[in-house]
Asker: 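Below are the structure tokens for one structure; questions will follow.
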Amino acid sequence: MPKDKPQPQNDKDDSVGTHSRAPLRTRQTLQSEADLRQDKFSDRYLIRMLGRFVAPYWRELLLVFAMLAGVTALSLLPPYLIQRAVDGPISEGSLDGLIPYGLVYFGSVIALFVLRFAHTYLLQTVGQNALVGLRQTLFEHILKQDMRFFNTTPVGQLVSRLSNDIDALTELLSTSIVVVVSNLVTLFGIIAVMFALNWRMALLGLCLMPVMTVLTVYFRRKIRTWSSRFHKLVAEYLAFINEQFNGILVVQLFGRQNLSRAEFDAINQQYRDIHSHLRDVYTIYASVLQLLTTVGLAVVLYGGGQGVLAGWATLGMLISFIEYTRRSFEPILQLTEQFAQIQTALSAGERIAKMLKVEPQIVDPAVSKRLANFKGSVALEHVDFSYEADAPVLRDVNIDIPAGQRVAIVGATGAGKTSLAGLLARFYDVDSGRVLIDGVDVRELRLADLRGYVTVVPQNPYCFNGTIADNLRLFDERVTDEQMIAAAQAARAAAFIERLPGAYDYELLPGAANLSQGQRQLLALARALIHSPNSILVLDEATSSIDTETEALIQEGLARVLQNRTSLIIAHRLSTVRDADRILVMQRGRVVEDGTHEQLLAQNGVYAQLYRRQFEELHAHHDRLDGRKQKVS
């Protein structure tokens with residue numbers, strides 16, 4: 001997050017949970033843009049969304065449905081065979097007449113096994129392939145978001161979207177959809193056969209179906225609501241863990257372990273409570289359906305028995321309808337077993353749909369321009385900028401930097417220095433005014449082209465898992481060893497790299513935890529020199545964690561690298577900016593002074609005060625060190 005950015009005011013946590021074992025500070029949950037969207041997505045919309053990723057496999061799906069039709073037909077055959085056998089050979093006492101029925105029965109069982117295995121395997125394959133596309137689409141969508149999105153969206157939420165929510169959809173497309181589709185087809189097939197055989201018996205067997213339908217609609221809403229709450233809490237849970245482990249040094253340094261344990265306990269209890277509510281709703285639903293199933297079979301047995309006595313049904317028909325009724329309830333019971341998973345998956349799909357609806361504010365122009373002869377001049381005209389409404393960071397900033405000029409920007413923390421760098425690289429857009437490169441508004445340039453024209457070296461650079469060479473090349477094999485070593489030497493990173501085991505092949509820990517902050521800054525500087533050798537270079541406190549001796553070496557190397565190259569050097573340490581062609585002094589979002597080091601000292605203004613204060617502190621520090629040395633001697 002930029003140093004100048006005011007911290008956003010978070011909305012209060014509205015997650016559900018009633019139990020907390022310790023009095024805690026009120027935990028506030030940062031509301032991402034996806035969370036704040038009020039869009040409501042119907043199940044039909046979510047199914048259509050998933051359908052976009054399943055559509056490329058329509059041939060496989062046609063084959064699956066053909067197999068399902070075969071499965072349905074074969075699953076309806078055994079009760080019918082039983083009826084014919086009872087009313088025919090068994091009633092007549094002809095055992096030889098049972099042999100054809102027995103052969104057909106066992107043949108149908110074998111064919112049913114083969115078809116069920118085939119359609120389940122094929123449908124799961126289609127589901128996994130579809131999720132590959134969805135996962136890739138979601139990742140690429142997140143990747144193209146602007147910095148404002150990442151500043152307001154906890155990493156844990158993004159991880160939850162790409163892991164837990166995708167996993168929920170995996171269960172839907174790989175397992176649940178197989179059960180749902182096959183059971184629905186079977187259920188409609190059973191109903192059709194029952195009415196074809198005897199409409200009175202069919203009405204008896206299906207008399208409780210409307211009650212089951214009403215209960216299903218009611219419990220669907222309940223399960224969907226609790227599933228949404230549960231997965232929202234999972235995202236907050238992951239965000240909390242990410243925050244605590246990323247800040248583990250602060251947690252241990254200030255003895256926050258007990259408070260962290262208590263906060264985790266509160267979230268953990270909320271997790272259990274919501275999960276328990278979800279389990280209770282599902283258990284009640286499944287139990288009621290089991291009871292209705294038993295009642296339904298009793299109705300068929302009693303009513304069918306009366307039919308046999310009255311003559312409008314046979315004994316074989318009664319036996320077959322008991323089996324058909326039992327089988328008609330089986331799909332419903334199996335659907336209830338998948339119901340919670342389906343509602344959980346649809347809830348996850350809704351969160352993914354919300355994320356996919358979030359569009360970046362920083363986008364390529366409809367008609368872009370290119371800088372045919374890039375020189376590197378920079379201009380800001382009447383620029384106003386704020387991260388949040390009513391909290392301006394830059395106010396009416398006007399700057400004109402000719403191509404090839406080396407400009408330093410200094411000022412107190414929060415003066416707006418880093419925001420200038422963000423606007424130049426178009427991480428954000430201005431509220432009003434214009435930012436120009438070679439006379440062209442940056443909003444008229446493609447982002448890929450702009451990032452080639454402007455390179456920012458941040459104060460807190462990030463290193464990826466891999467070797468030092470991987471991080472310098474950014475995994476681009478087109479970068480030669482000669483280019484990499486030359487950039488490392490120019491950034492004065494080669495000295496420490498060559499002392500490491502394996503040198504450029506030295507394996508970095510996550511976040512480059514086995515390097516110092518200063519070493520990471522040197523790598524970032526070398527990386528910028530590799531990938532953007534001729535761009536406008538913005539050094540945002542890029543040497544703040546480097547010792548003065550190394551900094552002097554870097555300044556010597558940069559003097560050659562930055563010759564005739566536009567550069568902006570943002571710094572607190574004024575000793576690093578004395579050789580700049582110009583120094584801009586910022587205060588409360590405005591440029592208040594502009595000139596060379598000598599000119600600004602002569603003005604005896606803000607810069608002169610900062611300069612004197614820093615060197616007084618430096619002399620006082622040296623005096624303390626000298627005093628300690630004298631005591632030791």
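All of these numbers come straight from a predicted model, not from anything done at the bench. The basis for the numbers below is simple: all heavy atoms, side chains too, and nothing from hydrogens, waters or symmetry mates.
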Asker: Is any NZ, NE, NH1 or NH2 atom of the basic residue among Asp165 and Arg351 found under 4.0 Å from an Asp or Glu carboxylate oxygen of the other?
Answerer: yes
Asker: Give a yes or no on whether the backbone of Phe149 and the side-chain of Asp146 come within a donor-acceptor separation of less than 3.5 Å.
Answerer: yes
Asker: Does Lys375 NZ have over 12 foreign heavy atoms under 6.0 Å away?
Answerer: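 No, because the 6.0 Å sphere around NZ of Lys375 holds 12 heavy atoms or fewer from other groups.
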Asker: Can you measure from SG (Cys463) to CG (Leu509) and round to the nearest 0.5 angstrom?
Answerer: 11.0 Å
Asker: With under 30° as parallel and over 60° as perpendicular, where do the rings of Tyr428 and Phe385 fit, or are they tilted in between?
Answerer: tilted
Asker: Taking the side chain as everything from C-beta on, heavy atoms only, tell me whether Met49 gets closer than 4.5 Å to Leu356.
Answerer: yes
Asker: Using a cut-off of 6.0 Å, state whether more than 12 heavy atoms not belonging to Tyr237 lie near its atom OH.
Answerer: no
Asker: Using atom types as modelled and distance alone, determine if a side-chain donor or acceptor of Asp438 lies under 3.5 Å from a backbone N or O of Gly376.
Answerer: yes
Asker: Answer yes when Asp594 and Arg582 have at least one side-chain N-carboxylate O distance shorter than 4.0 Å, and no when they do not.
Answerer: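 A salt bridge links Asp594 with Arg582.
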Asker: So that I can tick it off, tell me whether Asp470 and Arg473 are bridged by a salt bridge, with the cut-off set at under 4.0 angstrom between side-chain N and carboxylate O.
Answerer: no
Asker: Looking only at heavy atoms, which two atoms of Val430 and Gly433 are closest? And how far apart?
Answerer: CG2-O, 3.4 Å
Asker: Could you go step by step and tell me if Leu445 and Val440 meet the side chain to side chain contact (heavy atoms under 4.5 Å, CB included) rule?
Answerer: CA-CA 8 Å; Leu445 300 171; Val440 177; 3.9 Å; yes
Asker: Could you check if a side-chain atom of Phe374 sits within less than 4.5 angstrom of a side-chain atom of Ile536, using non-hydrogen atoms only?
Answerer: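 When only atoms from C-beta onward are counted, Ile536 and Phe374 do touch, with a gap below 4.5 Å.
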Asker: Once you round to the nearest 0.5 Å, how far does CE of Met586 lie from CD1 of Ile409?
Answerer: 7.0 Å
Asker: Taking atom CD1 of Ile437 and atom CZ of Arg426, what is their separation to the nearest 0.5 Å?
Answerer: 11.0 Å
Asker: Ion pair present between Asp449 and Arg370, side-chain N to carboxylate O less than 4.0 angstrom?
Answerer: yes
Asker: Do the side chain of Asn471 and the main chain of Phe464 share a donor and acceptor less than 3.5 angstrom apart?
Answerer: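 Yes, because the side chain of Asn471 sits within donor-acceptor range (under 3.5 Å) of the backbone of Phe464.
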